Amino acid sequence: MPLTTPLSIRELFDDNLEALRLAWLAGQNGAEQLIVGDAVSAADQVGHLNLIHPGRIQVFGPQEMAYLARISDHSRIAQTRELVAGKPPAFIIAHSLTPPPFIIDVCNEHGIPLISTPQPSAQVIDYLRFYLSKKLATRVTMHGVFMDVLGVGVLITGESGLGKSELGLELISRNHGLVADDAVEFSRIAPNMIEGRCPTLLRNLLEVRGLGLLDIRAIFGETAVRRKMRLKLIVHLVRRKTLEENYERLPVNQQHEEVLALPIRKVIIPVEAGRNIAVLLEAAVRNTILQLRGIDTLTDFMERQQRAMGEE
C-alpha cells in the first residue's frame, strides 16, 4: 500500500540546520508537531504569511513584518488568533529579523515552533518546498529487480522461479546498472515522476539461486550500480502458458500498470528455453525510447496495412 511519511518540525530543523543556518527562537515544546502531505502538495506546506492557508509553515520576511507593524492592534490580535486556530506547524523568521514580542508569546503559549534563518524568505520557501517534496513523497515498496538499462529505469517483475535475478546479472554483465534487487522503494517525487531506490540494507546486493548474495559493486565495480533511477518501464516475465491464457500476442493498445496512481508502460515477455531474455529486454527498452520520442511501430504498421488494403 502507498504510504506517506509524517515529518516532525524537529526533523525538519535538524535536516536543514546547516543549510539554512536555523536557530530556535521560541515554541520548542511544539517541536514534535507533524507535517503530513505528499509530493504533489509540497508547495502548499510552506509559504509566505497567508491567512487563507493558516495550516502551512508560515514564513515571515520584511514585507510581512512591515504589514504586522502597520495594522492596528485590534487587527493584529484578530489575525494572530486566526493563524493559531489554523494550527500552523511552525513560523520561520527570514533575514534574521527580530520578531515582535507578541509573536514570541503566542508561540510559547501555543507550542508553535518559532525558527530564525538569515536566508531570504523566497529562498527559504523554495528550499523547503524541494525538501518537503522529497521527505513527504508518497511511496510504495514493490518486488522485483530494478535496473538502469540504456538510461531507462526498468523494473523486472514476474512469477517466482523465472530468473529475474539471473536476468539482472546478465544485464549487469552487458554494462547495464543495478539499482535494487528483491525490494524496490518507489516514491512519487513530482506529479509525473516516480523514483526508485534500494533499501539501505540491500544496497549493491543481488541474490542469485545457487550463488547466494553477490556484492555487485565489489565484483563489477562502481559503474555497475546506481543510487536511484526514474521508473519508465515495467518488464513482466511470464511462462508461455500464462501468456497464451491471459495476454494478447500482439496487443493493439499500449499496456500500462499503475504505480502510485501513475500509468507506467509495461511489456510482457514469455520465458522459455532457448530465448535470450536479456536481448529481448534491451529491444523492449529501445522500443520504449522510440515511443517516448513519438515513434510507434505498431501504429505505423497498422496504418501501412490499411493503405495496402485500400490500394487493392
Side-chain angles (χ1 to χ4, degrees), residues 1-3 5 134 137-189 194-243 245-247 255 257-260 264-286 288:
M1 291 291 292
L3 302 171
T5 307
K134 291 281 190 179
T138 305
R139 71 187 195 283
V140 68
T141 299
M142 298 180 66
H143 178 71
V145 182
F146 192 39
M147 301 287 302
D148 169 10
V149 180
L150 301 171
V152 175
V154 181
L155 176 65
I156 304 170
T157 63
E159 303 170 44
S160 179
L162 286 183
K164 295 184 293 294
S165 296
E166 288 86 347
L167 174 57
L169 183 60
E170 184 170 356
L171 289 169
I172 292 167
S173 71
R174 297 168 71 94
N175 297 318
H176 304 298
L178 173 71
V179 182
D181 175 42
D182 190 44
V184 190
E185 295 179 346
F186 288 108
S187 300
R188 186 172 173 179
I189 61 172
I194 292 177
E195 182 180 88
R197 293 172 176 263
C198 182
T200 304
L201 184 65
L202 303 176
R203 192 167 295 164
N204 304 327
L205 300 179
L206 182 72
E207 182 181 5
V208 179
R209 281 184 173 83
L211 299 180
L213 281 177
L214 302 179
D215 187 327
I216 298 301
R217 182 179 178 182
I219 295 173
F220 292 93
E222 183 71 33
T223 59
V225 295
R226 309 284 188 272
R227 287 185 57 250
K228 59 185 179 181
M229 285 294 294
R230 296 174 184 175
L231 177 62
K232 294 292 184 181
L233 178 66
I234 296 173
V235 173
H236 188 65
L237 306 182
V238 298
R239 293 180 172 85
R240 170 65 69 178
K241 182 179 180 181
T242 303
L243 179 73
E245 292 176 352
N246 298 288
Y247 300 98
Q255 297 183 78
E257 180 176 331
E258 280 204 354
V259 178
L260 296 173
I264 303 298
R265 296 169 187 269
K266 185 174 182 177
V267 173
I268 310 297
I269 298 181
V271 176
E272 60 182 351
R275 302 197 88 200
N276 192 325
I277 306 302
V279 170
L280 295 176
L281 188 145
E282 287 178 336
V285 171
R286 293 181 187 277
T288 297

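Just so it is clear, the model here is predicted, and its values are computed rather than measured.
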Visitor: Could you pull out all donor-acceptor pairs under 3.5 Å where a side-chain atom in residues 149-156 meets a protein atom, sequence neighbours excluded?
Guide:
none

Visitor: For a quick test of your reading: what N or O donor-acceptor pairs under 3.5 Å do the side chains of residues 205-216 make, sequence neighbours left out?
Guide:
from: D215; atom 1: OD1; to: R217; atom 2: N; distance (Å): 3.2
from: D215; atom 1: OD1; to: A218; atom 2: N; distance (Å): 3.1

Visitor: Which atoms form the tightest heavy-atom contact between C198 and V179, and what is the distance?
Guide: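 Heavy-atom minimum between the residues: CB-O, 3.1 Å.
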Visitor: Applying ring-ring contact (aromatic ring centres under 6.0 Å, His included), which residue pairs with at least one partner in residues 157-189 are found, sequence neighbours left out?
Guide: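 Sorted pair list: F146-F186.
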Visitor: Can you pull the salt bridge (Lys or Arg N to Asp or Glu O under 4.0 Å) pairs that have at least one residue in residues 153-172, sequence neighbours excluded?
Guide: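 Matches after skipping sequence neighbours: E159-R239.
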Visitor: Quick one: side-chain hydrogen bond (donor to acceptor under 3.5 Å, both in side chains) partners of T157, sequence neighbours excluded?
Guide: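 For T157 the side-chain hydrogen bond (donor to acceptor under 3.5 Å, both in side chains) partners, ignoring immediate neighbours, are H236.
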Visitor: Applying side chain to side chain contact (heavy atoms under 4.5 Å, CB included), can you list everything that pairs with A183, at least two apart in sequence or on another chain?
Guide: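 If we apply the side chain to side chain contact (heavy atoms under 4.5 Å, CB included) test to A183, skipping adjacent residues, the hits are T141, P199, L202.
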Visitor: To the nearest 0.5 Å, how far apart are CG in D182 and NE2 in H143?
Guide: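 Taking CG in D182 and NE2 in H143, the distance rounds to 5.0 Å.
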Visitor: List the residues meeting salt bridge (Lys or Arg N to Asp or Glu O under 4.0 Å) with R226, not counting sequence neighbours, and say none if there are none.
Guide: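 Residues passing salt bridge (Lys or Arg N to Asp or Glu O under 4.0 Å) with R226: D148.
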Visitor: Considering residues at least two apart in sequence or located in another chain, which fulfil the side-chain hydrogen bond (donor to acceptor under 3.5 Å, both in side chains) criterion with E272?
Guide: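 In terms of side-chain hydrogen bond (donor to acceptor under 3.5 Å, both in side chains), with neighbours along the sequence ignored, E272 is linked to R240.
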Visitor: What distance separates L233 CG from K266 NZ, expressed to the nearest 0.5 Å?
Guide: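 Answer for the CG-NZ pair, L233 versus K266, is 11.0 Å.
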Visitor: Please evaluate residues V267 and V285 with respect to the criterion side chain to side chain contact (heavy atoms under 4.5 Å, CB included), reporting the C-alpha separation (whole Å), side-chain torsions for both, the decisive distance (0.1 Å), and the verdict.
Guide: CA-CA 9 Å; V267 173; V285 171; over 6 Å; no
Visitor: State which residues pass salt bridge (Lys or Arg N to Asp or Glu O under 4.0 Å) with E282; sequence neighbours excluded, sorted by chain then number.
Guide: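 With sequence neighbours excluded, E282 shows a salt bridge (Lys or Arg N to Asp or Glu O under 4.0 Å) to R174, given in chain and number order.
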Visitor: So how far is it from M147 CE to M229 CE, rounded to the nearest 0.5 Å?
Guide: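 Rounded to the nearest 0.5 Å, the CE-CE separation comes to 10.0 Å.
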Visitor: By side chain to side chain contact (heavy atoms under 4.5 Å, CB included), which residues pair with V271, not counting sequence neighbours?
Guide: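 If we apply the side chain to side chain contact (heavy atoms under 4.5 Å, CB included) test to V271, skipping adjacent residues, the hits are L162, L237, I277.
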Visitor: Suppose we screen for side-chain hydrogen bond (donor to acceptor under 3.5 Å, both in side chains). Which residues come up paired with E195, at least two apart in sequence or across chains?
Guide: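 For E195 the side-chain hydrogen bond (donor to acceptor under 3.5 Å, both in side chains) partners, ignoring immediate neighbours, are R197.
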Visitor: List the residues meeting side-chain hydrogen bond (donor to acceptor under 3.5 Å, both in side chains) with N204, not counting sequence neighbours, and say none if there are none.
Guide: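 For N204, no residue satisfies side-chain hydrogen bond (donor to acceptor under 3.5 Å, both in side chains) once neighbours in sequence are set aside.
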Visitor: Go through the steps to decide whether V235 and L167 satisfy the test side chain to side chain contact (heavy atoms under 4.5 Å, CB included), and finish with yes or no.
Guide: CA-CA 11 Å; V235 173; L167 174 57; 5.7 Å; no
Visitor: Rounded to the nearest 0.5 Å, how far does CG of L231 lie from CG of L260?
Guide: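 If we round to the nearest 0.5 Å, L260:CG and L231:CG are 9.0 Å apart.
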